[in-house]
Amino acid sequence: MSQITFFFGVMSASKTASLLMTKYKYDSLGFNTVLIKPAEDNRSGVDNVASRIGLKGKADLIITKDMSDEDIASALDSFSHPAGRDVENETIYLIDEAQFLSPRAVGVIVAQAYFYEAKVFSYGLLKDFQNKLFDGSQAWIEHASSLQEIKTTCSVPGCGRKATHNLRLLDGYPVYTGEQILIGDSEYLSVCAEHYYNYKGA
């Protein structure tokens, strides 16, 4: 039976590590796992999925902005097992940096999952550094049968509150305007709401 789960959290919440550990678990149980990522995520190379703690995997499918619905569906067809196979061969789509996918791409993945009776575990940011929903994340929320938050603690020393916002820094000081997508770890902090609005700089 199909299941669409969106795992969301701020940056540095170990989303990719969680995805790769989930993939390892299902691989070991004999499931047919398909590792998917958007082309926008090039931190570790075009086809690599890598966490900050050193876990790595090779993407089976890289979705680019110029892929048509038919391109995405055809690619998923080539990796997916027909519905009705034994449970040990059930297909699971695991998607990293899911917020970067277009709503259209999300819709195609979800449709294919229901066709193949596959499970979807997508992992991504909920909001950008301006505290606005990513278009892709909104689409995952709309399609998901389950939402799961991956929690972490505010990066400000001594705070201890739950991190809820992604703060972009320039020369150690917060900025709240600019391009939505700027790949890189050093320009961001995961912080609580108080420190998002009242961060004093390095």
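Small disclaimer: the values here were computed from a predicted structure and weren't measured. Residues: numbered from 1 along the sequence shown.
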| message | If you count every heavy atom of other residues, nucleotides or ligands that lies below 6.0 Å from Lys132 atom NZ, does the total exceed 12? | response | no
| By the rule that ILVMFWY residues connect when side-chain heavy atoms come within less than 4.5 angstrom, directly or transitively, which residues belong alongside Val175? | Leu170
| task | Report the C-alpha distance between Tyr176 and Tyr196 in whole Å, list the side-chain angles of each, state the deciding distance to 0.1 Å, and finish with yes or no for ring pair (Phe, Tyr, Trp, His ring centres under 6.0 Å). | result | CA-CA 10 Å; Tyr176 301 95; Tyr196 178 79; 5.3 Å; yes
| query | Of all residues at least two apart in sequence or in a different chain, which pass the side-chain hydrogen bond (donor to acceptor under 3.5 Å, both in side chains) check with Lys162? | reply | Glu149
| query | Rounded to the nearest 0.5 Å, what separation is found between the OH atom of Tyr188 and the OG atom of Ser155? | reply | 14.0 Å
| task | Report the distance from atom NZ of Lys65 to atom CZ of Phe100, rounding to the nearest 0.5 Å. | result | 9.0 Å
| Leu94 and its side chain to side chain contact (heavy atoms under 4.5 Å, CB included) partner, picked from Leu20, Thr33, Val34, Ile36 | Thr33
| Approximate separation, where rounding is to 0.5 Å, of Leu133 CG and Phe8 CZ | 10.0 Å
| request: Answer whether the closest heavy-atom distance between the side chains of Asn131 and His165 falls below 4.5 Å. | output: yes
| message | Against Pro38, only a single residue in Leu101, Ile62, Thr64 fulfils side chain to side chain contact (heavy atoms under 4.5 Å, CB included); can you say which? | response | Leu101
| Any side-chain heavy-atom pair from Leu167 and Phe129 closer than 4.5 angstrom? | no
| request: May I have all residue pairs that pass side chain to side chain donor-acceptor pair (under 3.5 Å) and include part of residues 99-112, sequence neighbours excluded? | output: Asp69-Arg104, Asp77-Gln112, Glu97-Gln99
| request: List in chain and number order the residues that pass side-chain hydrogen bond (donor to acceptor under 3.5 Å, both in side chains) with Thr5, two or more places apart in sequence or in another chain; answer none if no residue qualifies. | output: Gln3
| request: Determine whether Ile92 and Phe121 make a side-chain contact, defined as any pair of heavy atoms from C-beta on separated by less than 4.5 Å. | output: yes
| message | Does any part of the side chain of Tyr199, heavy atoms only, come nearer than 4.5 Å to the side chain of Leu189, both counted from C-beta? | response | yes
| What are the two closest heavy atoms between Ala17 and Ser51, and how far apart are they? | N-CB, 3.7 Å
| task | Carefully, step by step, assess Ile109 and Trp140 under the rule side chain to side chain contact (heavy atoms under 4.5 Å, CB included). | result | CA-CA 10 Å; Ile109 293 170; Trp140 285 114; 4.2 Å; yes
| message | Measuring only between side-chain heavy atoms, which start at C-beta, is Ser14 closer than 4.5 Å to Thr152? | response | no
| remark: Sequence neighbours excluded, the answer for side-chain hydrogen bond (donor to acceptor under 3.5 Å, both in side chains) partners of Asp128 is Gln180
| request: Find out whether Gln130 and Arg168 are in side-chain contact, i.e. whether some heavy atom of one side chain is under 4.5 Å from a heavy atom of the other. | output: no
| task | Using the test side-chain hydrogen bond (donor to acceptor under 3.5 Å, both in side chains), find all partners of Thr16 that sit at least two apart in sequence or belong to another chain. | result | Asp96
| request: Check Ser28 against Lys25 and note the closest heavy-atom contact, atom names and distance. | output: OG-O, 2.6 Å
| field | Pair Asn48-Lys58, side-chain donor/acceptor within less than 3.5 Å | value | yes
| said: Can you list everything that forms a side-chain contact (heavy atoms from CB on, under 4.5 Å) with Glu142? Sequence neighbours excluded, please. | reply: Gln138
| Side-chain contact, heavy-atom cut-off 4.5 Å: Ile95 with Val106? | no
| request: Just jot down the salt bridge (charged side-chain N to carboxylate O under 4.0 Å, His left out) partners of Lys127, sequence neighbours excluded, or say none. | output: none
| Between Tyr123 and Phe7, how do the two ring planes meet: parallel, tilted or perpendicular, split at 30° and 60°? | parallel
| said: Looking only at side-chain N and O atoms, does Asp71 offer a donor or acceptor that is under 3.5 Å from a partner on Ser68? | reply: yes
| For the hydrophobic clusters of this structure (ILVMFWY residues joined by side-chain heavy atoms under 4.5 Å, transitively), does one cluster hold both Val10 and Leu147? | no
| request: Using side-chain contact (heavy atoms from CB on, under 4.5 Å) as the criterion, list what pairs up with Ala118, not counting sequence neighbours. | output: Thr91, Tyr93, Ala113, Tyr116
| field | Residues clustering with Tyr24 (ILVMFWY side chains joined when closer than 4.5 Å, directly or via others) | value | none
| note | Hits for side-chain contact (heavy atoms from CB on, under 4.5 Å) against Ala111, two or more places apart or cross-chain, chain-then-number order -> none
| message | Taking the side chain as everything from C-beta on, heavy atoms only, tell me whether Lys37 gets closer than 4.5 Å to Ile63. | response | no
| message | Main chain of Leu19, side chain of Lys15: is a donor-acceptor contact present, judged purely on distance under 3.5 Å? | response | no
| request: Begin with the C-alpha distance, continue with both residues' side-chain angles, and end with the deciding distance and a verdict on side chain to side chain contact (heavy atoms under 4.5 Å, CB included) for Ser137 and Phe6. | output: CA-CA 8 Å; Ser137 298; Phe6 179 40; 3.9 Å; yes
| task | Please name all residues satisfying salt bridge (charged side-chain N to carboxylate O under 4.0 Å, His left out) with Asp27, sequence neighbours left out, ordered by chain then number. | result | Lys23
| query | Which value, rounded to the nearest 0.5 Å, describes the distance between Ser190 atom OG and Asn166 atom CG? | reply | 5.5 Å
| field | Candidate pair Glu187 and Leu169, rule side chain to side chain contact (heavy atoms under 4.5 Å, CB included), full reasoning | value | CA-CA 5 Å; Glu187 297 91 354; Leu169 302 179; 5.7 Å; no
| said: Run Glu194 and Val156 through side chain to side chain contact (heavy atoms under 4.5 Å, CB included) and show every step you take. | reply: CA-CA 11 Å; Glu194 179 178 341; Val156 175; over 6 Å; no
